[in-house]
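As structure tokens, the structure follows; a few thoughts come after it.
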Amino acid sequence: MTTIARMQRANRGSHFRAYSLHGSDPAQLDPFLGIDHAWMSAPTFPPHPHAGFSAVTYLFLDSETGIANRDSQGNHRLIEPGGLHWTAAGRGVVHEENPAVLGSTVHLLQIFVNLPRDRQEAAPFALSLAPQDVPVVQGPGARVRIPFGSFGGVRSPLTLPTDVTLLDISLDAGATLALPLAAGQKALVMPILGNAEIDGESFGLDDLSAPILVATTEAVTHTLAAPAGGTKLAVFIGEPLRQPVLSNGPMAFASRQGLIAASAAYQRGDFGKL
């Protein structure tokens, strides 16, 4: 079964614009909390806290520059075009990400992935993957980068706190790609460039539509197809956590007590500072 979500446009001045996918019902995107497909050319978000989930930044290969990432755990990394940085916020962290060269445009995905309930109050940590370490699967007219998770028998080297997959897919004009989902997995398909078809149904940036492939009790294979001119897609796959989501924006927990405790810890300065 396939449902259609609608992305929303978001802009901050002339230096940040995005297509955002944030479900009004947390179950809609579960185990993801939200996804932003964005372009950024200047500092946009000052140092801010996260807790209870993971904040993941993936840069597309056409980014003009990288992102300078730093957090209150002492991590300070350059995310290069094609690379990935995963911040598992756990009980709380403060971080900041800005274009490495101001005025140059970063083309990115900002992905918010929920943590299983029993990991939401664990110590925060970070994972990184360099562009050259991202596995690639090639097929007729298709190129699939696998920043995390697995596809076609190939697995990213990252070991994640939530079992999810991201596929960065490029399809030539008229090409097709089989997208298998295991029993219990759901998938979100976000158009990155142009339009496409899934199982014969059109979607894309023209009407800001993004298919959601609902989890089923049996494995199923969907078919992605590119129109004339080709297409570029991001596919997010995971098994729903099916836990409550109580959020105040930068923090999300499965219990109100967890959310209140994290907010109080941040106010006390327990998350650390930049």
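As the structure is a computational prediction, the values presented were derived from the model and not from experiment. Along the sequence shown, the residues carry numbers beginning at 1.
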Short side-chain to backbone donor-acceptor contact, Gln185 and Ala182, under 3.5 Å: yes
When rounded to the nearest 0.5 angstrom, what distance separates OG1 in Thr165 from CZ in Arg155? 6.5 Å
Is Ser63 reaching over with its side chain to a backbone N or O of Leu59, donor-acceptor style, under 3.5 angstrom? no
Which value, rounded to the nearest 0.5 Å, describes the distance between Leu167 atom CG and Arg143 atom CZ? 13.0 Å
Would you check, one step at a time, whether the test side chain to side chain contact (heavy atoms under 4.5 Å, CB included) holds for Ile212 with Thr2? CA-CA 6 Å; Ile212 298 176; Thr2 302; over 6 Å; no
Stepwise side chain to side chain contact (heavy atoms under 4.5 Å, CB included) check, Val214 with Thr3: CA-CA 7 Å; Val214 179; Thr3 63; 4.3 Å; yes
Flag the pair Asn114 / Phe32 as yes when at least one side-chain heavy-atom distance between them is below 4.5 Å, and no otherwise. no
For the pair Leu29 and Leu188, evaluate side chain to side chain contact (heavy atoms under 4.5 Å, CB included) and give the outcome as yes or no after the intermediate values. CA-CA 7 Å; Leu29 305 184; Leu188 322 173; 4.0 Å; yes
Compare every heavy atom of Ala10 with every heavy atom of Ser20, then report the nearest pair and how far apart it is. OG-CB, 4.1 Å
Under 3.5 Å donor-acceptor, Gln243 side chain and Arg117 backbone: yes
Between atom CG of Asp71 and atom CD of Glu97, what is the distance when rounded to the nearest 0.5 Å? 9.5 Å
Can you tell if the side chain of Arg145 reaches within under 4.5 Å of the side chain of Ser170, non-hydrogen atoms only? no
Leu171 reachable from Val235 in the ILVMFWY side-chain graph, under 4.5 Å edges: yes
For Glu218, is the CD atom crowded, meaning more than 12 foreign heavy atoms sit under 6.0 Å from it? no
In terms of hydrophobic clusters joined by side-chain contacts under 4.5 Å, are Ile111 and Leu127 together? yes
What are the two closest non-hydrogen atoms of Gly204 and Asn195, and how far apart are they? CA-OD1, 3.0 Å
Can you hop from Val113 to Val245 via hydrophobic side chains spaced under 4.5 Å? no
Using side-chain heavy atoms (C-beta onward) and a distance below 4.5 Å, is Leu108 in contact with Ile67? yes
Which residue is it: Phe16, Tyr19, Phe60? I am looking for the one with a ring-ring contact (aromatic ring centres under 6.0 Å, His included) to His107. Phe60
Can you tell me how the ring of His37 sits relative to the ring of Trp39, calling it parallel under 30°, perpendicular over 60° and tilted otherwise? tilted
Keeping Ser247 on the side-chain end and Met251 on the backbone end, is there a donor-acceptor pair under 3.5 Å? yes
Quick one, His95 and Asn69 - any side-chain contact, counting heavy atoms below 4.5 Å? yes
Looking at Arg256, I want to see if its CZ is surrounded by more than 12 non-hydrogen atoms of other residues, nucleotides or ligands under 6.0 Å. no
Minimal heavy-atom distance between Ser72 and Gly272, with the atoms involved, is CB-C, 3.7 Å
Should Leu158 and Phe112 be regarded as members of a common hydrophobic cluster, given that ILVMFWY residues are connected when their side-chain heavy atoms come within less than 4.5 Å of each other, either directly or indirectly? no
List the steps and the verdict of side chain to side chain contact (heavy atoms under 4.5 Å, CB included) for Leu109 and Phe236. CA-CA 11 Å; Leu109 290 171; Phe236 308 84; 4.0 Å; yes
Before giving the answer on salt bridge (charged side-chain N to carboxylate O under 4.0 Å, His left out), spell out for Lys186 and Asp30 the whole-Å C-alpha distance, their side-chain angles and the decisive distance to 0.1 Å. CA-CA 9 Å; Lys186 72 190 301 182; Asp30 186 16; over 6 Å; no
Mind checking whether Tyr266 and Phe271 have parallel, tilted or perpendicular rings, split at 30° and 60°? tilted
Quick one: does Pro250's side chain get under 4.5 Å of His50's, heavy atoms only? yes
Can you tell me how far CZ of Arg268 sits from CG of Asp270, rounded to the nearest 0.5 angstrom? 4.5 Å
Do Leu179 and Val154 belong together in a cluster built from hydrophobic side chains that touch within less than 4.5 Å? yes
Would you find a donor on one side and an acceptor on the other, under 3.5 Å apart, between the side chain of Asp207 and the backbone of Ser209? yes
Do His222 and Leu181 have side-chain heavy atoms sitting under 4.5 Å apart? yes
Give every residue pair that meets the ring pair (Phe, Tyr, Trp, His ring centres under 6.0 Å) criterion with at least one member in residues 125-170, sequence neighbours excluded. Trp86-Phe148
Considering non-hydrogen atoms only, spot the tightest contact between Leu274 and Pro47 and give its length. CD1-CB, 3.6 Å
Side chains of Phe253 and Glu121: closer than 4.5 Å at any heavy-atom pair? yes
d(Glu64 CD, Ser41 OG) to nearest 0.5 Å is 8.5 Å
Any donor-acceptor pair under 3.5 Å linking the side chain of Ser255 with the backbone of Gly258? yes
For Thr162 versus Leu115, what's the shortest heavy-atom pair and its separation? OG1-CA, 3.7 Å
Closest non-hydrogen atom pair between Ile192 and Leu205, with its separation: O-CD1, 3.7 Å
Asn98 (side chain) donor-acceptor with Ala42 (main chain) under 3.5 angstrom: no
Would the distance check show the side chain of Thr231 and the main-chain N or O of Leu193 forming a donor-acceptor pair, the cut-off being under 3.5 Å? yes
Counting N and O atoms only, with roles assigned by atom type, does the side chain of Arg12 sit under 3.5 Å from a partner on the main chain of Phe45, one being a donor and the other an acceptor? no
List in chain and number order the residues that pass ring pair (Phe, Tyr, Trp, His ring centres under 6.0 Å) with His22, two or more places apart in sequence or in another chain; answer none if no residue qualifies. none
Where the side chain of Asp25 meets the backbone of Ala27, is there a donor-acceptor pair that is under 3.5 Å apart? yes
Would you compute the distance between atom CZ of Arg17 and atom CZ of Arg9 and round it to the nearest 0.5 angstrom? 9.5 Å
When you compare the side chain of Thr44 with that of His15, does any pair of heavy atoms fall below 4.5 Å? yes
